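To keep things clear, I will list the structure first and then write my remarks on it.
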Amino acid sequence: MKNKILVTGGAGYIGSHTCIALHQAGYEIVVYDNLSNSSREAVNRVASLIGQPIDFVEGDIRDTDLLRQVFSDNQFFGVIHFAGLKAVGESVAKPLMYYNNNVSGTISLLEVMAEYDVKNLVFSSSATVYGDPEVLPIDESSPRSCTNPYGQSKLTVEHILEDLAVSDESWNLIPLRYFNPVGAHPSGQIGEDPNDIPNNLMPYISQVAVGKLSKLSIFGNDYPTIDGTGVRDFIHVTDLAQGHVAALDYLLSYLEQQTSIEEHSSNKKSSIGFLPINLGTGTGTSVLELVTAFSKVSEQDIPYQFVSRRAGDIASCYASADKARDLLNWQAKLSISDMCQDTWRWQKMNPNGYNLA
Ligand code: NAD
Ligand code: UDP
């Protein structure tokens, strides 16, 4: 089957939104997730939104035997690999857990893909691989460096993918470097469901707005930015999901073109190799600007206090989104107001996330 995709981590925040976008674009999906940071309820809701059951396998990407089973039961065109741990602070406390899950897990997946000759991969990378950027907006050729085990695990996987592309020219490896994904599906049925107190800004703001948390702490008001607070490139998760569809569509049409070139000449078919692409809007928004936008949309007061900078944070980070536009014909469409609106709807409809109790 040419358009069947294995989605590792497909029960998670970005994965669940991407499953819907893939289904709408005509891809068949198999979701593989160990539910370590997600719930079966998210999968059920995706199934109800697309109006058909999801082919779901509960399993760990480090379980190569189970992966082999799934690859022998299905003929995949490729894999979108979301599965991984993502909390920076936790990665500092538990580096071995992060390297094991994110790096060893990816190696296990790549080995099974190679065995079954499935060599098309879209990988969840992150703008964190750019460290503290010297030049803004950040394009894909910017130097990469990381200061925490989470970021290092993403960068290490990128290096592994680069080495793999050199070793065997038949691989097509697309790391998508996400900027700051926020928002939720417009239905209010699926969204981000952090465990405990959120680390990230948008879920923190929405929990203050709904009254679950009393006050936002803004980490630093002395950055060299428009209002002294940090600036980030917030991108709506449904735009991000479309970016994955665009990457697969691009790969499919590239490979089709190569096949027709091969049929008409003696030229050897070439592959994409290692092709990193930023997924961001290209626009920076400050922490205070986001708080103001959320307050307006939700019509709630969002009390905040300035506290000292958070260790490891940078002043500003936003993408050059030109490569995604030129190559994938993809651009983010939704505004900061849309991001706040959809987060707020999800928060109000699901005050306890997927926990129905
Ligand atoms: P998430 O935690 O909601 O989703 C990740 C999913 O992977 C979860 O459902 C989890 O249960 C699953 N998983 C984790 N380890 C696994 C394993 N060993 N085997 C099988 N399943 C496993 O996170 P998300 O926000 O949807 O992020 C998806 C990917 O994007 C992650 O790799 C993350 O590092 C990356 N990313 C996220 C952000 C962000 O801000 N959300 C930014 C940049 C990159
Ligand atoms: N931030 C904040 N208070 C919070 C969480 C985040 O002021 O409770 C700031 C953080 O310092 C950064 C921005 O919000 O400037 C985005 O942080 P987040 O953790 O959401 O994403 P990051 O860019 O760190 O991956």
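First listed ligand is number 1; within each ligand, the first listed atom is number 1. These values consider heavy atoms only, across backbone and side chains, with no hydrogens, waters or symmetry-generated copies. As the structure is a prediction and not an experimental result, all values here were calculated from the model.
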### Query
Using the ring of each side chain (for Trp, its six-membered ring), is Tyr250 parallel, tilted or perpendicular to Tyr254, with breaks at 30° and 60°?
tilted

### Query
Angle class for the Phe294/Trp344 ring planes (parallel below 30°, perpendicular above 60°, tilted otherwise)?
perpendicular

Using a 4.0 Å cutoff against the non-hydrogen atoms of [X], which atoms of ligand 1 qualify?
X	result
Ser36	10 (C), 11 (O), 13 (N), 14 (C), 15 (N)
Ser38	8 (C), 9 (O), 11 (O)
Leu35	11 (O)

Hey, is [X] one of the residues with a heavy atom under 4.0 angstrom from ligand 1?
X	result
Asn101	yes
His81	no
Gly59	yes

### Query
Cut-off 3.5 Å, side chains only: do Thr8 and His81 have a donor facing an acceptor?
yes

Counting heavy atoms only, which of [options] is nearest [atom]?
atom	options	result
atom 36 (N) of ligand 1	Tyr150, Phe82, Tyr13	Tyr150
atom 17 (C) of ligand 1	Asn199, Asn34, Ile235	Asn34
atom 44 (C) of ligand 1	Gly151, Pro181, Ser125, Ser124	Ser125

[atom] - nearest protein heavy atom and its distance:
atom	answer
atom 1 (N) of ligand 2	Phe219 CD1, 3.6 Å
atom 24 (P) of ligand 1	Lys86 NZ, 3.8 Å
atom 4 (O) of ligand 1	Gly12 CA, 3.4 Å
atom 13 (C) of ligand 2	Val287 CG2, 3.8 Å
atom 37 (C) of ligand 1	Ile14 CD1, 3.8 Å
atom 23 (O) of ligand 2	Arg232 NE, 2.6 Å
atom 22 (P) of ligand 2	Asn180 ND2, 3.6 Å
atom 5 (C) of ligand 1	Gly84 O, 3.8 Å
atom 17 (O) of ligand 2	Arg310 NH2, 3.5 Å
atom 2 (O) of ligand 1	Asn37 ND2, 2.7 Å
atom 12 (C) of ligand 1	Asp33 OD1, 3.3 Å
atom 6 (C) of ligand 2	Leu201 CB, 3.7 Å

Residue portion contacting ligand 2 (non-hydrogen atoms closer than 4.0 Å) for [X]:
X	answer
Ser217	backbone
Val231	neither
Asn200	both
Val88	neither
Asp313	side chain

Below 3.5 Å, N or O to N or O, backbone or side chain included: is there any such pair between [X] and ligand 1?
X	answer
Asp60	yes
Ile61	yes
Ala83	no

Are any side-chain N or O atoms of [X] and backbone N or O atoms of [Y], one a donor and one an acceptor, separated by less than 3.5 Å?
X	Y	answer
Asp139	Ser320	no
Ser108	Ser104	no
Asp193	Tyr354	yes
Lys154	Ser124	yes
Arg45	Gln189	yes
Asn148	Val92	no

### Query
Given Gln152 and Tyr99, is the side chain to side chain donor-acceptor pair (under 3.5 Å) satisfied, shown in steps?
CA-CA 9 Å; Gln152 199 62 51; Tyr99 287 119; 5.2 Å; no

## Note on the structure
Atoms of ligand 2 under 4.0 Å from any heavy atom of Gly230, numbered from 1 in the order shown, are 15 (O)

## Note on the structure
One finds that the ligand 2 atoms under 4.0 Å from a non-hydrogen atom of Asn199 are 5 (C), 19 (O)

### Query
What part of Lys154, side chain, backbone, both or neither, has a heavy atom within less than 4.0 angstrom of ligand 1?
side chain

Using atom types as modelled, flag every donor-acceptor pair under 3.5 Å from a side chain in residues 194-201 to any protein atom, sequence neighbours excluded.
| from | atom 1 | to | atom 2 | distance (Å) |
| --- | --- | --- | --- | --- |
| Asn195 | ND2 | Asn37 | OD1 | 2.9 |

### Summary
Nearest heavy-atom contact between Ile61 and Asn101 is CD1-O, 4.0 Å

### Query
Do you know which two heavy atoms are closest between Ser316 and Pro133, and how far apart they sit?
O-CG, 3.8 Å

## Note on the structure
When rounded to the nearest 0.5 Å, the distance separating CZ of Phe274 from CZ of Phe123 is 9.5 Å

### Task
Check the pair Tyr27 / His244 against ring-ring contact (aromatic ring centres under 6.0 Å, His included), numbers first and verdict last.
CA-CA 12 Å; Tyr27 288 94; His244 293 75; over 10 Å; no

### Sequence-distant partners of Asp117, salt bridge (Lys or Arg N to Asp or Glu O under 4.0 Å), two or more places apart
Lys119

### Query
Do Val103 and Val112 share a hydrophobic cluster, counting only Ile, Leu, Val, Met, Phe, Trp and Tyr and linking them when any side-chain heavy atoms are less than 4.5 Å apart?
yes

### Asn278 and Tyr318: CA distance, side-chain angles, deciding distance, side chain to side chain donor-acceptor pair (under 3.5 Å) verdict
CA-CA 10 Å; Asn278 288 343; Tyr318 51 93; over 6 Å; no

